[in-house]
Amino acid sequence: MSGTEFTQHIFNGIALGSLYALIAIGYTMVYGILRLINFAHGEILMSAMFFAMFGVTLFSLPWPVAFLLAILLTAAFGISIERMAYRPLRNAPRISVLISAIGVSFLLQNLGLVVFGARPKAFPRPDMFNQLWHLGDVSVLSLNLYIPIFTVLLLIGLTWFINKTRTGMAMRAASKDLDTARLMGIDVDKIISITFGIGSALAAFGGIMWAMKYPSIHPLVGLFPGLKCFIAAVVGGIGNVPGAMLGGFILGVGEIMLVAFMPELSGYRDAFAFVLLIFILLAKPTGILGEKTAEVKS
Amino acid sequence: MFKKLGFAVLALALIAFPLAGCGGGDDDVIRIGVYEPMTGVNAAGGEMTVEGIELANELFPEILGKQIEIIVVDNKSEPQEAANAVSRLIDRDNVHAIIGSYGSSLSMAGGPVAEEAGIPVVGCSPTNPLVTLGNDYYFRVCFIDPFQGTVMANYAVNELGAKTAAIIKDVTQDYSVGLSNFFKQAFVELTGDADSIVAEINYNTGDQDFTPQLQTAKAANPDVIFAPGNYAESALLIKQAREADITVPILGGDTWEAPDFLDVGGDAVEGVVYSTHFTAQAPVTARSNEFLDAYRNKFGAEANAFAALGYDAYLVILDAIERANSHDPGDIRDALADTQIFEGATGIITLDENGDATKSAIINTVENGEFVYLTTVHP
């Protein structure tokens, strides 16, 4: 394999990995606070894609407006899902909430099938992301350079938010111990809503980037990124934001390299994610950056 | 309040599901089951096929003085569901014959179930030879992949002057794997060079990222790429190929003919070439024109190959019922096996000993965002 080819694969891997990372952060944030795997995350992603698509195609909004609106709408959507499907079960056994999450996931998929139809639709890609840049012999779509930049900027912003603001401090407190945080005067319901809002907004951003990279969207489009990014979050250490990012990159680059170096195994690409998951669970069940105490709280 | 809203949404979603097919034992009605992918990765293919079947049912609603009822079941583009769909049609709906399915893997999953129950099936577009091979109850109104693969290899060598080719196939689709193998055989034979296939690369249904595969193909520097697969994956693959600066011609098979392929592929799919069963731009029989007019009337658009095949599958079954003068599944099967020179919309259909139709292939390209007819290839 030539150096050019290898560089090309690295570029492709980083672009895919940062998408995984963005989406995995949403999983990890919700888990960090509620100890809940939000299985509807992939469907939140899907809704964002459709909001953005309809904004541009149906309402002919300029794309920055449409995308921003889609992100806000999705955040609101995520918050209302939490209110309707998870909040009533706040004191129920954790398994009930998990089942509720799976139910929401199926409900949204099927609602999507009824409302949007099953056939794939094209997603508009703004010219800014459409250019083909040549760096020597390596050709890179401008979108693939923007994605990692956006991901890193968002992660920096999020880290600052969690560590420096009062709301962020409350989120950290709630993730340590929900009940004690409530006793300390933190409005836990509000914090959970904010967490869902931020997680969903990140999913929306990731979803829109995903839809621009792979511009074929349909109601089941969230399944695949949803599953992969859940694995990325677990690999990195679920509940840990930099961990989700790391997990996303490992998964993205690993997948691309697997296909690149062993083309005959390219049909087993999805299996790679699961094998990686199994190894991590065997070697370090809390994930690469996971804290030892992650599962102590019952 | 939110709780109530939640329930309302849930109730709405449940009602919105079609409560189709109430099982029947009514003997004055002939029931034809249809199992097609209405959701999942092959949804567009299934929808187009069902349009043709419904059109045929509207135009020819009865035979032997009996009404014909069609019962459509969604096989969700999954082989497991396809097998379930066929048993549901047989056990619950008591169908006399079945039409389906788009997708060779789906048809191969449904086939044994129908054979065991003794219900004849007519496939519209499953092109893998194994669909009908060894199954006395499976027939089809389309050509098969050994022919389609040869047609495309011929096109690559004779029209494009290709000496080397790369194959990118979907390993989870029997259609894609089979067609690739036949293309490879024919290509090697035509070029007389055992090493003329310079790369053979795999992906899975549902994949969206093809960049590493395409880099491998690019490094092998082929004259042409053959990449049969579902329209959705193929459109993304071709888009990413053009974005990776791969400029060689890309060829595919009949599954590409879907509006969604053009929609998703956009400018990237301009100039790709594929083989198909039928085109509105070159009607072959009197019945083709009849079909095209009826389709225009009902849907306000030009008909596609899958609608035409759906239409023909329905008519071939009707013809068999008429010749058998009975709607007993066994009698329908025997009459189907004897189908000779039947004039359909897609051409003259004669079923051979395997139950396959031998027909001409159409070669189409994409020009200005539309499918454009190039030529017809006779077997």
Side-chain angles (χ1 to χ4, degrees), chain A residues 1-2 5 8-9 11-13 15-16 19 80 83-85 87-88 103 107-108 110-111 113-115 117-123 125 130 132 134 139-141 143-144 210 213-221 223-225 252 255-261 263-270, chain B residues 2-3 5-7 9-10 12-14 16-17 37-44 46-47 74 76-77 168-172 199-204 206-219 231-233 235-236 239-240 242-245 258-266:
Chain A
M1 180 174 293
S2 67
E5 225 179 301
Q8 182 84 58
H9 285 305
F11 269 112
N12 292 339
L16 180 64
L19 269 181
S80 48
R83 292 223 174 168
M84 282 191 273
R87 188 174 294 182
L107 176 71
L108 291 178
N110 288 300
L111 209 61
L113 285 174
V114 172
V115 178
R119 294 165 68 157
K121 293 173 177 58
F123 190 87
R125 187 195 283 164
N130 233 343
L132 205 53
H134 296 270
S139 59
V140 185
L141 190 69
L143 176 71
N144 288 342
W210 187 283
K213 193 160 157 53
Y214 310 115
S216 157
I217 66 172
H218 51 91
L220 304 183
V221 75
L223 272 177
F224 167 82
E255 251 186 54
I256 298 275
M257 289 302 164
L258 176 85
V259 183
F261 284 100
E264 65 280 8
L265 290 184
S266 54
Y268 299 100
R269 173 179 189 164
D270 294 343
Chain B
F2 277 110
K3 219 178 202 169
L5 193 65
F7 280 124
V9 172
L10 187 75
L12 207 73
L14 288 176
F17 280 105
M38 306 303 284
T39 55
V41 290
N42 294 328
E47 250 178 65
D74 177 14
K76 301 183 182 162
S77 310
I168 308 181
K169 62 177 183 287
D170 179 345
V171 278
T172 50
E200 225 176 315
I201 310 154
N202 305 329
Y203 66 91
N204 281 343
D207 279 2
Q208 291 176 305
D209 187 286
F210 305 98
T211 48
Q213 283 99 331
L214 288 166
Q215 285 310 319
T216 311
K218 191 181 178 184
Y231 52 84
E233 282 90 351
L236 281 180
K239 212 172 162 102
Q240 287 168 32
R242 298 311 184 209
E243 282 161 7
D245 259 356
D260 318 65
F261 178 76
L262 299 173
D263 191 29
V264 171

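Below, read A as the first sequence line, B as the second, and so on, with proteins coming before strands; counting in each chain starts at 1.
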Minimum side-chain heavy-atom gap [X]-[Y] below 4.5 Å:
X        : Y        : value
B:Gln208 : A:Val221 : yes
A:Arg119 : B:Pro259 : yes
B:Tyr231 : A:Pro120 : yes
B:Gln215 : A:Asn12  : yes

What residues, two or more places apart in sequence or in another chain, satisfy salt bridge (charged side-chain N to carboxylate O under 4.0 Å, His left out) together with A:Asp270? A:Lys228

Spacing of A:Ser216 atom OG and B:Glu233 atom CD [to the nearest 0.5 Å]: 8.0 Å

Test side-chain contact (heavy atoms from CB on, under 4.5 Å) on A:Lys213 and B:Gln240; report intermediate values, then the result. CA-CA 9 Å; A:Lys213 193 160 157 53; B:Gln240 287 168 32; over 6 Å; no

In terms of heavy-atom pairs under 4.5 Å, which option from B:Val264, B:Asp170, B:Val41, B:Ile201 contacts chain A the most? B:Val264

Which atom of [X] lies closest to which atom of [Y], heavy atoms considered:
X        : Y        : answer
B:Arg242 : A:Leu132 : O-CD2, 4.2 Å
A:Glu5   : B:Ala219 : OE1-CB, 3.4 Å
B:Asp263 : A:Ala122 : O-CB, 3.1 Å
B:Ala43  : A:Ala118 : CB-CB, 3.6 Å

What pairs with B:Asn202 under side chain to side chain contact (heavy atoms under 4.5 Å, CB included), at least two apart in sequence or on another chain? A:Ser266, B:Lys169, B:Val171

With a 4.5 angstrom heavy-atom cut-off, is it the side chain or the backbone of B:Glu47 that approaches chain A, or both, or neither? side chain

Could you tell me whether A:Arg269 and B:Asp209 have a side-chain N and a carboxylate O separated by less than 4.0 Å? yes

Atom OH of A:Tyr268: over 12 foreign heavy atoms under 6.0 Å: no

Evaluate whether atom NZ of B:Lys76 has more than 12 neighbouring non-hydrogen atoms of other residues, nucleotides or ligands under 6.0 angstrom away. no

With a 4.5 angstrom heavy-atom cut-off, which part of A:Ile256 approaches chain B: side chain, backbone, both or neither? both

